[in-house]
Amino acid sequence: MLTLTNLTLSQFRKILKTCSGSTIVLDTETTGLYWWRSKLTTVGFHCLEKQIEGVIDCGFEVVTQDDFDRLDDFNEEGKEAINSLLVSGTTVIFHNAKFDMGMLEVCPETTNGWKIIDTAVMVHLYDSRLKKSLELAEKELLGTNSKRSHIEKAPTNPKIRKRIWQWPPAIRQDYCLNDCRVTYQLAETLFPVLKKLGLLPLFWKDMQYLKQIYYTEHLGISLDKQFVGKASLAMMAKQKELEQKLYDAIGYEFNWRSNDQLSKALYEDLGIARPINPFAATKGSYKTKLGFERVKELKGGMYNKTMTSTFLLMEKVHHPLGELVASLREAAKLYKTLNQWLDLVDENGIIHSNFNVTGTRTGRLSSSKPNLDNIASKVRSRFTQGLFSGGIIRSEEYNLRNAFVARLGYYMLSIDYRQMEMRFFGIDSGDENLLSFLASGKDIHLMIALKVWGDCGKEQNMIHREWSKTIAFGLIYGMTTGSLEHKLGMTRVQANKVIEDYWGAFPRIRPWLFETVTTCKEQGYIRYWSGRIWRENTEMFMYKGANARVQGGCADLLSIAAMRTHKWLLEKGYGNIVSYIYDELLMEIRKEHIEETANAISVIMQVPDLFELPFLTDCSVGHTYGDLVKMYQDENGIWHLPENFEKEQSHA
DNA sequence: TACCCTGGCGCG
DNA sequence: AAAGCGCGCCAGGGTA
């Protein structure tokens, strides 16, 4: 193997050209972790076939702003070289492809059709429990730790040791080359393993999906900075006001974020009676979902120490300060979220969230920097345990989804699945009752709610429906009677009745769960409909496989629907997907094509070729992610813009 | 100082 | 150790 360091750009181009059509590894060293604002210091490559590896480097330690600015030429030329030399027939291996591709500004989708292999995704498909950093993947799968010797050569100052861009170029280049070699070894090791496990079709699907997600991340989503600024000020004022109220009530100032201090203030200094913690340590025997009798002393429990969760404060303490603390926490949290967005927005007002393919145990995407999956909606949850999510509508500046707006000439179009997990559970378990409920279009949660609690008036029924929903998932995924008892403030007898009603409604729950655990016990993993595997070796956690095959199965379904949607949108030129939120695709669509798109994508998302039962959707439209209004579906199932849509929207 | 863990809370 | 599941982010508090 010929190793070449300190390459000039023209040497680099020449060698890269000789590797065209082969399999190569590319790795970059950069000034940070954000592809859209960090800069390249180093690019390494490794090609076993041609017995050559090499690295180009900016050639200096990047310390000052001046140094940072000096990187521009190197970046421009380096990107140009890679862009022009990657051609169809070449396979490029990366560890975390989206990042390196972002730094290099290349993607086979938009350039010359070369092929991607991402070793981080390989690791994830092999065993989603493993850490995906190159260092830990190497340790786990190759049994070596080659980074160590390189890091030891780096400057000893702990700050600089973490900043590769400040390392001497020679050490940095060796480090980068080493990463390339390790990445190659990972690919070489894992490829036959994935093949043997029958995971290659899924792997290639994920590589295709990766390119699409790369596209989505680069397009980004437009942030309304004016709204964010306004809301941020409002939150700050609200926080100050509520803080003062709390201090006045307690009688002194303290750090309310510290649960130790808050607990002391409430229960000691103010003398509020300490609540009995419903989630405290449980003793003795209880029945598991599968009917096993388990005798055990469970240590700890939730909220056992400080008893300051909103749930306890509001539902058990019943003191006005509970509401105050909850509102204070909310304002503070929203304030921090808004400020994070201002930090993460690019110079064009665009937010580039990361949609991580390797982030979850089950195969779902996760979103980070910022997380677009958990943005507070206009409906405020009241209970932290998720038992009740209806009721309180947030005022405009509290609805943070208002911050994400459609670009000029576009509307936001959201299409989500109706009862996706219930539907999937019905299919996966083959539960006849559930399937017929779903096929009939009946509101299963409401029906169960009426059966359990009776008709208590429309408003109360809707609350019961929310409870019913949570309980349904809880029971599918292994919630015990004790937990249900406490959460709903029921007696054991009542809780048992609720459970019996559910098991009566969905008789396949228990056998399906049992089969999942048995399969996992036999082979160490379970396999979803999509072919993805979920591993678990510890028997007492195998019940989690039930959730995994539903949650992960839905995720793989959505990824297929999303790829078909993306393709359709590109062909039509009507707009783009801007976010993927578990059971929902958020799109930005040209105003004049909303109805056509809603109808076409609804059908596409049903994936009628994959399952007996179509996955029905709901469509909503708006100017922002926060003001989506449900579209109207006529008797023929055709979607239309809501009545008076423009009029309603324009007042805002 | 730089981690690591935990609690709290937003979403599906 | 863990018996509804899956995330990410922030802040506090303890430890090396």
Side-chain angles (χ1 to χ4, degrees), chain A residues 128 157-159 161-162 255-263 282 286-290 292 294 296-313 325-326 329-330 332-337 339-340 344 353-354 356 359-377 379-387 389 394 398 400-401 416-417 419-421 469-484 487 509 513 517 534 538-552 554-555 558 579-584:
Chain A
S128 65
N157 178 329
K159 267 195 172 159
R161 188 158 272 214
K162 288 189 64 186
N255 185 357
W256 58 267
R257 292 176 214 268
S258 161
N259 292 317
D260 291 348
Q261 292 181 42
L262 179 61
S263 182
T282 51
Y286 62 95
K287 266 192 182 171
T288 68
K289 278 215 49 49
L290 297 178
F292 296 128
R294 207 167 281 277
K296 198 171 181 188
E297 186 158 349
L298 295 172
K299 198 166 78 68
M302 294 170 84
Y303 318 122
N304 217 10
K305 280 175 275 184
T306 58
M307 320 277 270
T308 50
S309 77
T310 302
F311 175 77
L312 289 180
L313 291 176
V325 169
R329 281 176 177 153
E330 181 185 37
K333 178 162 180 158
L334 297 191
Y335 177 70
K336 292 310 288 187
T337 302
N339 283 5
Q340 187 211 19
L344 289 176
S353 171
N354 298 297
N356 194 348
T360 67
R361 183 79 168 81
T362 57
R364 255 190 188 171
L365 292 180
S366 74
S367 164
S368 63
K369 291 180 292 182
N371 185 348
L372 294 184
D373 289 338
N374 69 342
I375 302 170
S377 75
V379 181
R380 177 183 167 187
S381 305
R382 275 194 56 215
F383 298 171
T384 57
Q385 296 311 301
L387 273 180
S389 60
R394 289 186 161 110
Y398 273 79
L400 295 201
R401 295 185 184 198
D416 66 337
Y417 287 111
Q419 310 147 321
M420 187 187 204
E421 289 200 343
K469 224 164 109 179
T470 305
I471 296 164
F473 292 116
L475 293 182
I476 291 172
Y477 303 140
M479 181 191 267
T480 55
T481 52
S483 176
L484 188 62
K487 283 192 178 188
I509 293 180
L513 188 48
V517 171
W534 180 91
T538 308
E539 200 175 328
M540 83 181 297
F541 299 127
M542 288 180 182
Y543 74 97
K544 293 184 182 183
N547 172 258
R549 57 195 268 193
V550 174
Q551 187 188 107
C554 286
L558 184 77
S579 189
Y580 309 74
I581 313 144
Y582 312 123
D583 63 349
E584 169 187 359

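Below, read A as the first sequence line, B as the second, and so on, with proteins coming before strands; counting in each chain starts at 1. Everything numeric here is computed off the predicted structure, so don't read it as measured data.
Between atom CZ of residue A:Arg394 and atom CD of residue A:Glu330 there is a gap of 4.5 Å, rounded to the nearest 0.5 Å. A:Lys162 NZ to A:Asn157 CG: the interatomic distance, rounded to the nearest 0.5 Å, is 12.0 Å.
To the nearest whole angstrom, the two P atoms, one in B:dC5 and one in C:dA1, are 16 Å apart. Taking atom C1' on both B:dC4 and C:dG4, the two are 27 Å apart, rounded to the nearest angstrom.
The residue among A:Arg364 and A:Ser368 whose nearest nucleotide of DNA chain C is located toward the 5' end is A:Arg364.
Applying the 3.5 Å distance criterion, the base of C:dG8 shares no donor-acceptor pair with the side chain of A:Asn371. Residue A:Arg257 places no side-chain atom within donor-acceptor reach of the base of C:dG12, judged by atom type and a 3.5 Å distance cut-off alone.
When the side-chain nitrogen and oxygen atoms of A:Lys162 are compared with OP1 and OP2 of B:dC3, one or more of them lie within a distance under 4.0 Å.
Judged by Watson-Crick or G-U wobble contacts below 3.5 Å, the nucleotide C:dG4 has no partner.
A:Thr538 comes within contact range of no nucleotide atom at all, as no heavy-atom separation falls under 4.0 Å. Across all strands, A:Ile375 comes closer than 4.0 Å only to sugar-phosphate atoms, never to a base (heavy-atom distances). Here A:Arg161 lies out of heavy-atom contact (under 4.0 Å) with every strand. When heavy atoms are screened at a 4.0 angstrom cut-off, A:Lys333 is found touching base atoms of the nucleic acid.
The heavy-atom pair separating A:Tyr543 from A:Leu513 by the smallest distance is O-CD1, 3.8 Å.
Ionic pairing of A:Lys469 and A:Glu421 is not present here: no N-O contact between side-chain nitrogen and carboxylate oxygen is shorter than 4.0 angstrom.
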